[in-house]
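Scroll down for the structure; my scribbles are underneath it.
Here the structure is a predicted model, which is why all the values come from computation and not from measurement. Just so you know, ligand 1 is whichever comes first in the structure, and atom 1 is the first atom listed for that ligand.
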Amino acid sequence: MTLHLHPNEFAQRRAKLMQTIGKGNIGIIAAAPEYLRNGDTHYPYRQDSNFYYLTGFPEPEAMAVFAPGRPEGEYILFCRAKDPVKEIWDGPRVGPEKARVEYGAQQVFPIQEFETRKAELIANRNVVDLKPHVAEMRLHKSDGEIRLMRKAAEVSMQGHTRAMQCCRPGLTEAYLEAELLHEFTQHGCRAVAYPSIVAGGINSCTLHYTDNNAELRKGDLVLIDAGCEYQYYASDITRTFPINGKFSTAQREIYEIVLAAQLAAIEQIRPGLPFSETQQTVVKILTQGLTDLDILKNNVDLKNFYMHGAGHWLGMDVHDAGAYKINDVWRPLEPGMVITVEPGIYIAPNSKDVDPKWWGIGIRIEDDVLVTANGHEVLTAALPKTVSDIEALMAK
Ligand code: GLY
Ligand code: MN
Ligand code: MN
């Protein structure tokens, strides 16, 4: 069964937006364009997140106008007209009539009329940028949105589990990617939230590696950072595990540091915690761990081995909308926000002054965490991440 947001939710969002922008003002937002790949072939279409958030309307070549207090209608939609010939090739279009009935617009016009009608719409009104207002709304997830994010998390966990169970030396990175996509697609997620990273051996030290074409070798780790998109909502999970099912001593020593940092950062998540605190915790624990192993010494910067943030907002986009600071101050977490927690250690081959036994080890562990009224809930908690749980799953 496919889960959907209740149509009322889109109406509530529009009502809230109208209130925020206020009478006398007007906001306009465009649907995402279609992009030609070559010839007559397009890239898979994905509606613009803000546009979808406010309209639920899935087609390109559309414009939504929000004009609070406008007597003829506050929510005006422009969309493609019906076209029986084109619809033979591409399937049915919503069309203006159905758009009014099913998508709640008070007035709907063919997209061709947008430019001429725009002048009349904005006359005597202030045009405001909707982006910051929608970003603020998107940052706080409703129960309906959380339901979809739970589902995205669940499907992604199934993909990661399958990849761990199938993994063995001699396969390619792409083979594991296909295992992930098998679960995603079969469970209704034809889009990934971002290109899957399947990075064996030293490729794990390339943060956004997506070639995914190398052979997986016995004795190496593989880092998988992959998440599906379910009904416009993202998940974002990273697991790192040994290709032959057993961590070496060196791999385990680094892994335990990353895991300790991740668990400590997650543990503190609750309303009121400044967003920056997870990074502070991660930096502290990684610094101590790498110092204890004599990898970090002589005032070497941790950035040589950990060069990204500990997380980001997660929602319709993998790096979701929403300001991280307000008046230059890190904002406190609030119930309904969803963040990732994703520390890592990456020891590039030939790292100077580092014992070669650590070279090429790249580890990241990433989970999706919902801030609740009293603390937090890890949406991706069911996916194994301790050394013993991963080894047990892979031995099955
Ligand atoms: N997968 C992108 C990220 O973790 O931020
Ligand atoms: Mn992430
Ligand atoms: Mn990720």
(message) I need the minimum non-hydrogen distance between Asn374 and Pro271, along with the two atoms involved.
(response)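 So the minimum-distance heavy-atom pair works out to C-CD, 4.3 Å.
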(request) Pull up every protein N/O/S atom sitting under 2.8 Å from the Mn ion (ligand 3), skipping waters. (result) Asp225 OD1, Asp225 OD2, Asp236 OD1, Glu366 OE1
(request) For ligand 1, would you mind listing the residues that have at least one heavy atom less than 4.0 Å away, ordered by chain and number? (result)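 These residues qualify: Tyr194, Asp225, Asp236, His312, His319, Glu342, Glu366.
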(message) Let me check your reading of the structure: within less than 2.8 Å of the Mn ion (ligand 2), is there an N/O/S atom from His312?
(response)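 Yes, since at least one N, O or S atom of His312 sits under 2.8 Å from the Mn ion (ligand 2).
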So [X] and [Y], would you call those rings parallel, tilted or perpendicular, with 30° and 60° as cut-offs?
X	Y	result
Tyr232	Tyr52	parallel
Phe275	Trp330	parallel
Phe109	Phe78	tilted

Hey, is [X] close enough to [Y] for a salt bridge, meaning N to O under 4.0 Å?
X	Y	value
Arg93	Glu59	no
Glu173	Arg217	no
Glu113	Lys118	no
Arg13	Glu9	yes

(message) Using the ring centroid of each side chain, check whether His160 and Phe184 are separated by less than 6.0 Å.
(response) no
(request) Determine, stepwise, if the pair Gln288 / Asp292 fulfils side chain to side chain donor-acceptor pair (under 3.5 Å). (result) CA-CA 6 Å; Gln288 186 63 55; Asp292 292 346; 2.9 Å; yes
